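Reviewing the structure listed below.
Just so it is clear: chains get the letters A, B, ... in the order the sequence lines come, proteins before strands, and each one is counted from 1. Computed from a prediction, not measured in an experiment: that's the story for all the values here.
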Amino acid sequence: MAIITFMSDFGMSDHYVSAVKAKILSINPGLTIIDISHDIEVFNIAHAAYVCKAVFRDFPKGTVHLISVNSHGEKKNRYLAAKIEDHFFIIPDIGILSLICEDEPGMIAELFTTAGKHTSFPAKNILAKAAAMLASGSGMNDVGDFTKDYLRKTDRKFRATKRQISGNVIRVDHYGNLITNIEEEVFNILLKDRPFLVQFGREKADKINCSYNELDDGDCFVIFNNLGVLEIGINKGNASKLLGLKYDSPVSIVFDDPVN
Amino acid sequence: MAIITFMSDFGMSDHYVSAVKAKILSINPGLTIIDISHDIEVFNIAHAAYVCKAVFRDFPKGTVHLISVNSHGEKKNRYLAAKIEDHFFIIPDIGILSLICEDEPGMIAELFTTAGKHTSFPAKNILAKAAAMLASGSGMNDVGDFTKDYLRKTDRKFRATKRQISGNVIRVDHYGNLITNIEEEVFNILLKDRPFLVQFGREKADKINCSYNELDDGDCFVIFNNLGVLEIGINKGNASKLLGLKYDSPVSIVFDDPVN
Amino acid sequence: MAIITFMSDFGMSDHYVSAVKAKILSINPGLTIIDISHDIEVFNIAHAAYVCKAVFRDFPKGTVHLISVNSHGEKKNRYLAAKIEDHFFIIPDIGILSLICEDEPGMIAELFTTAGKHTSFPAKNILAKAAAMLASGSGMNDVGDFTKDYLRKTDRKFRATKRQISGNVIRVDHYGNLITNIEEEVFNILLKDRPFLVQFGREKADKINCSYNELDDGDCFVIFNNLGVLEIGINKGNASKLLGLKYDSPVSIVFDDPVN
């Protein structure tokens, strides 16, 4: 049986998280449910998409990812099952899908809503059931009608020229580290052995570090992290607070005059 | 084997939650433990009872619900097992039982306390053992002595006349939504197709919405929620902060002059 | 199969916790993972060691304890497996081992780091794999090379004379209770039926209570707790805030003039 992962903006002080789990286990008591996070910032689709994108491929293929963030977010109240790279996603149709995956999903189904369109708790009454069914071996056509229609949102992208990569902070993590949308792959293509400067706030760095801790405590590090994107932090410190940078702050890499 | 659910006011920064789980798994490694919440406000019995009541029926019958909130709350240090609607509850005798269920529980047993009455960690030394035994198939007489005696507390109730229903906020949830004790069933009986006004703080509403999101962002909604009680919120906003209402704030529904 | 426990300073708002679990379950989907805490204060080794020491023996022998706190904390980037009292620990070599266990561990292995020494996510790329292998039946020699070398740190200890025990607060728990390093066993040896005074901040107590709740709400209690150490609290109150005491504050027990 497949694993179900569960992410929400429900927090942990109400019954919402456990009601969804109860529903899943009532349908199939043998299912394994792994919490991704219930501390997603309330209504924050970008936060949910970032965390989901960062981790879903670490789970075995066939895993069902249930995401309930801002579940009441769009007036039309559509709920989707989607298949991306052999993972299943059960989500409200509020744009997360397009932020997780730039390509078109392999298959999308609009979930049946036998519970009535106007349930005040769709995560329990619609999403949990579909997730439990898929994880128990049902097909996507058992949980909804195939469709091509889903809400597309556009992620903020870095811009790159021969001379410069301009990006943004896309996440301030639990440590205060600043994770950007500047990709290692693009940096490597543009570098051509030239000197460069990473610019963020009032700071500059002229090299990329290999690890968090080759520097002394309190020093600033700039690395390409495990996700393959530029991350700025302060060893044993909170970079966001100490550098005054936050979500959406600009970060750029400027290369020396173009070669040739 | 039955599921054990676990709710406490322990928080997650100490060893308390995992010590209880370790005890349960030491008795029976095959048991499934589902966290309800460990963010119950410290010593807050009303919060615990609200969350428990909102979710316990979603679990399969036979589920064992371990609740350790304010475990040292009463001087007599009694701990109970109780059976309500084919669910088992393992709790300190501090009044939660009467707040979860208005009817008399089907069976109550006072737990054996072989660990000594004065343990400083009853959730681990008394409650965990009883929960693991019940979930593994033991009977209530294996974990304690049957009794009729338990602490009764009275929940704050709404008052209803032909002209008005007067209630209170019983929970401000993670989103800042205001959940009241005004029941949809009572409203429907009293309504008789009359116009009405829902009054809360300085605001008034003259209709009940069907869902959170039929309104625009920032608008106030008034719905009967999944639990069948009146809930007031602000679409994409924090109603508690924006309306200045909190736990226990009065909410009323006033009907037009009585018919006939 | 053995249980894996998991403790970190990752918080729950990023993908870090679930990425480690995904790795473990990809290696062996049948493993049971129990969260100890992911609310360990960032970089705080003493907090991690306190919680680990307080709970690890409650789990069945053979349990694998994965600890990722301050994982990038030391420049040499070593990661260890250790066997203590038939429990396994998978940890970065930053001194936690010596704080959990005063005796030399039975066996220590330095983990293989095939993922490259400079991974920015060692909990996922190094620790998770070793934990999954040990919990699935591999030997310590399958996950690393045996070694005697590990970082030793010294815990703050109480000092005891015939006349006085001087200790410190080693943890302020979720309730604000003050947990000290003064051991019940030492107190009992030195007591010799003499009167004594427990001194903390501006307060004094001349007896040890048997339980949290033999006093009235708001009264101060002094007990030897479930861990066998002196704990000071206020019934239904936050002792740390109300008494102005915190981590490292001095606490002492002064006995009457020595006998004979």
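What you find for B:His15 and C:Leu227 is that their closest heavy atoms are CE1-CD1, 3.9 Å. For the residue pair C:Phe59 and B:Ser18, the shortest heavy atom distance occurs at CZ-O, 3.7 Å. Nearest heavy-atom pair, C:Ser37 versus B:Ser13, reported as atom, atom and distance to 0.1 Å: OG-CA, 3.9 Å.
Heavy-atom distances place the side chain of C:Tyr50, and not its backbone, under 4.5 Å from chain B. Contacts of B:Asp35 with chain C are absent, with no heavy-atom separation under 4.5 Å from either backbone or side chain. Both the backbone and the side chain of C:Ile36 come within contact range of chain B, each with at least one heavy atom under 4.5 Å from a heavy atom of that chain. For B:Tyr16, the part lying near chain C is the side chain, with the backbone staying farther off; criterion is any non-hydrogen pair under 4.5 Å.
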Candidate pair B:Asn70 and C:Lys236, rule side-chain contact (heavy atoms from CB on, under 4.5 Å), full reasoning: CA-CA 8 Å; B:Asn70 189 16; C:Lys236 300 269 167 56; 3.1 Å; yes
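Taking OH from C:Tyr175 and CZ from B:Phe10, the interatomic distance works out to 5.0 Å, rounded to the nearest 0.5 Å. B:Ser120 contributes atom OG, which lies 4.5 Å from atom CG of C:Asn226 (distance to the nearest 0.5 angstrom). To the nearest 0.5 angstrom, B:Asp9 atom CG is 6.5 Å from C:His174 atom NE2.
Taking 4.0 Å as the cut-off between side-chain N and carboxylate O, B:Asp14 and C:Arg171 count as a salt-bridged pair. A salt bridge is absent between C:Asp58 and B:Lys23; no separation between the charged side-chain nitrogens and carboxylate oxygens falls under 4.0 Å.
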